[in-house]
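Everything numeric in this text was worked out from a predicted model, so none of it was measured.
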Amino acid sequence: MVDSEFSDEYDSWLAGSRERLESALYEQPLNDLRYTEPLFMSADTPVADAIVQMAERNKGSVLVGDANGIQGIFTERDVLKRVLAGGGDASGQTLADVMTSNPETLHTSDRIVHALRLMSVGGYRHLPVLGDDDSVVGIVSVKHIVDFVVQLFPAEVLNAPPPGQGYSDEVDGG
């Protein structure tokens, strides 16, 4: 059985954490996140070349176009679903063949919650971020948002017990 004084304190802590999280997600713009510099390639780039560049540069996506305009996005998921799962030969395809055309974008002034909504509803893991002049300034990924949440609660997240070693619901001892 849980001590009611501890339970009340825990509930109070959770309420404060929830308010802090909601405030950060609804009030802070994407500009407060660390997003990655985009990797740009042309639509006629062979898929095999794009995959090699993604691996070498540790990128999860490629923007098709340039900073002044993008026609599409090619991601790790596209490698799996559109290239490999289809039995395709990556060397015989171009990015134009397998990219997601006209991807959803966000602006640096959009709130973090807008990125979460687009990612959840659209099933995206990477979203291009545009500056005030509509030029591409970066890519925001799920990892960037997770890192942001961890920074809000560093002690709680980084000091959590490892899986399988959580706190017991049973009283230990007499």
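Here the side chains of D49 and Q53 are not in contact, with every heavy-atom distance at 4.5 Å or above. At a threshold of 4.5 Å between non-hydrogen side-chain atoms, the residues L63 and P128 count as touching. You'll find the side chain of V62 reaches within 4.5 Å of the side chain of M54, heavy atoms only. Proximity of H144 to T36: side-chain heavy atoms (C-beta onward) are separated by under 4.5 Å at one or more points. Residues I51 and V79 have side chains in contact (heavy-atom distance under 4.5 Å, counting atoms from C-beta outward). Put simply, the side chain of F153 reaches to within 4.5 Å of the side chain of R20, judged on heavy atoms. A 4.5 Å side-chain heavy-atom check between V137 and L130 finds every atom pair outside the cut-off. The side-chain heavy atoms of V129 and V136, taken from C-beta on, include no pair separated by under 4.5 Å.
Enclosure of atom CG in D133 by more than 12 non-hydrogen atoms of other residues, nucleotides or ligands within 6.0 angstrom is indicated. Y26 OH: 12 or fewer foreign heavy atoms inside a 6.0 Å radius.
Across every non-hydrogen atom of A115 and L127, the tightest pair is O-CD1, 4.0 Å. Taking each heavy atom of M99 and R82 in turn, the nearest pair found is O-NH1, 2.8 Å. Scanning all heavy atoms of the two residues, the minimum distance from L95 to V47 falls at N-CG2, 3.9 Å. For T108 against Y35, the heavy-atom pair with the smallest separation is CG2-OH, 3.3 Å. The nearest pair of heavy atoms linking P29 to I112 is O-CG1, 3.9 Å. Nearest approach of L39 to S61, heavy atoms of both residues: CB-O, 4.1 Å.
E37 is linked by a side-chain contact (heavy atoms from CB on, under 4.5 Å) to K59, counting only residues two or more places apart in sequence or in another chain.
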Report task. Output, in order, the C-alpha distance, side-chain angles, deciding distance and verdict of side chain to side chain contact (heavy atoms under 4.5 Å, CB included) for V52 and E56. Result -> CA-CA 6 Å; V52 167; E56 286 179 358; 3.5 Å; yes
Report task. Could you walk me through whether D32 and Q28 pass side chain to side chain donor-acceptor pair (under 3.5 Å), step by step? Result -> CA-CA 7 Å; D32 288 350; Q28 292 188 248; 3.0 Å; yes
Requested in this report: Please test H114 against L30 for side chain to side chain contact (heavy atoms under 4.5 Å, CB included), starting from the C-alpha separation and ending with a verdict.
Outcome: CA-CA 9 Å; H114 295 125; L30 286 176; over 6 Å; no
Query raised in the report: Given D134 and H107, is the side chain to side chain donor-acceptor pair (under 3.5 Å) satisfied, shown in steps?
Result: CA-CA 8 Å; D134 286 338; H107 283 84; 2.6 Å; yes
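Using a distance-only test at 3.5 Å, with no hydrogens or angles considered, no donor-acceptor pair links the side chain of R125 to the main chain of S141. Between the side chain of R111 and the backbone N or O of L25, no donor-acceptor pair lies under 3.5 Å. Although no hydrogens or angles enter the test, the distance criterion places a donor-acceptor pair under 3.5 Å between the side chain of T45 and the main chain of S42.
A distance of 8.0 Å separates CD in E76 from CG in L80, rounded to the nearest 0.5 Å.
Criterion: ILVMFWY side-chain heavy atoms under 4.5 Å apart, direct or through other members. Under it, I145 and I139 are not part of a common hydrophobic cluster. F40 and L106 sit in two unconnected hydrophobic clusters of ILVMFWY residues. Membership requires side-chain heavy atoms under 4.5 Å apart, directly or through other members.
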Going by atom type alone, with no hydrogens or angles, which donor-acceptor pairs under 3.5 Å involve a side-chain atom of residues 67-75 and a protein atom two or more places apart or on another chain?
| from | atom 1 | to | atom 2 | distance (Å) |
| --- | --- | --- | --- | --- |
| T75 | OG1 | R77 | N | 3.3 |
| T75 | OG1 | D78 | N | 3.4 |
| T75 | OG1 | D78 | OD2 | 3.4 |

